[in-house]
Amino acid sequence: MAVNLTGRSLLTLLEYTPEEISYLLDLSFQVKRESRAKIVHRRFVGKTLAMIFEKRSTRTRLAFETAFAEEGGHPIFLSIQDIQLGAKESIEDTARVLGRMVDAIMFRGFKQETVETLAKYSNVPVYNGLTDVFHPTQVLADLMTVQEVFGRLKGIKLVFMGDGRNNMANSLMIGCAKMGMHYVVCSPKELRPDEKLFKTCLEVAKETGGTIQIEEDPEKAVQGADVIYTDVWASMGEEDKQAERERLLRPYQVNEHLMKKTGKDETIFLHCLPAVKGQEVTFEVIEGKQSKVWDEAENRKHTIKALMIATLL
Ligand code: CP
Ligand code: NVA
């Protein structure tokens, strides 16, 4: 059956089938080719997108805002400091009002529950632009970058080094399971993925031919890896945990020694960014030949544009 995503929200990739994710990636490649060829479309003329930010953002804001505006739409940046949400007005009421005025909502913030409530009460597509638990639009760009380099996703081994229970580790685990990839989360015991989500992803992987594994030893984890991925040691909202994370995660730094331990010259390095060079990754690795982080950042825009085309038209 042909894929039709019109009207759909993206809260986590768990709600999307492998076919739907592949469809979004194919559309992302088309959007990227059109962008390179300077082909202009006006697919969002007359439409508006509300973008609510409780946390900071560079890439996600730019990707949504430029992708929507380029197609003739009107993106509206709503900082939590400026709107009634959370101050006087409930999430439910804000959602109902937004749903009467805009065509779609992007939310970046703390609780996953907030983005779910926005979707439940607004009646328009809602996109999760990062919560404490998930960052699904980032994973679309990550999958696109992996496919761009290796020509496939199935069977690719991706190792996530570091805080194994943060929004990136969680979302990558879902994305890899959905696409039949081999996902290894390499972190100390204290920072392992949530048991329930891990089990859910194991079930998904069983169906797609993927695997999910937890490994504490960095050198063992990266053997044969096609992709090494890392993220900051303390995510937004966890600044008070910085010292403890430095202590726990120092052995999990991605450096040239670890990159060599994959035993493959073609292994690539990915990072959602922003990166703290000298902590989770060394300057040499992120600036080195194996790093694809700038392509990955660019792909945020193509995948986000594709997601909005697929769900709004
Ligand atoms: N990767 C990412 O989401 O970056 P921003 O926090 O800059 O949006
Ligand atoms: N884990 C990071 C991702 C930033 C894109 C954070 O939440 O701060």
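Indexing begins at 1, ligand by ligand and atom by atom, following the structure's order. This is a predicted model, so every value here is computed, not measured.
A salt bridge links Glu203 with Lys206: at least one charged nitrogen is closer than 4.0 Å to a carboxylate oxygen. Between Lys292 and Glu296, none of the side-chain N atoms (NZ, or NE/NH1/NH2) sits under 4.0 Å from a carboxylate O, so this pair counts as no salt bridge. Salt bridge status for Glu70 with Lys301: present, with a side-chain N to carboxylate O gap under 4.0 Å.
Between Glu219 and Gln223, the side chains place no donor N or O within less than 3.5 Å of an acceptor N or O (distance only, hydrogens not considered). If you check the side chains of His271 and Thr230, you find no donor sitting under 3.5 Å from an acceptor.
Annotation: the span from Tyr121 atom OH to Asn123 atom CG amounts to 11.5 Å, rounded to 0.5 Å.
Sorted by chain then number, the residues whose non-hydrogen atoms approach ligand 1 to under 4.0 Å are Ser57, Thr58, Arg59, Thr60, Arg108, His135, Gln138, Cys272, Leu273, Arg300.
A cation-pi arrangement, defined by a distance under 6.0 Å to the six-membered ring centre and an angle within 45 degrees of its axis, is absent between Arg165 and Phe198.
Scored by the side chain to side chain contact (heavy atoms under 4.5 Å, CB included) test, Ala177 finds Cys201, Val204, Ala205, Ile212 as partners (sequence neighbours excluded). For Lys55, the salt bridge (charged side-chain N to carboxylate O under 4.0 Å, His left out) criterion is met by Asp132, not counting sequence neighbours.
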What are the atom names and distances for all N or O pairs under 3.5 Å between ligand 2 and the protein?
unit_1   : atom_1 : unit_2 : atom_2 : d
ligand 2 : 1 (N)  : Asn167 : OD1    : 2.8
ligand 2 : 1 (N)  : Asp231 : OD2    : 2.6
ligand 2 : 1 (N)  : Ser235 : OG     : 2.7
ligand 2 : 7 (O)  : Asn167 : ND2    : 2.8
ligand 2 : 8 (O)  : Met236 : N      : 2.8

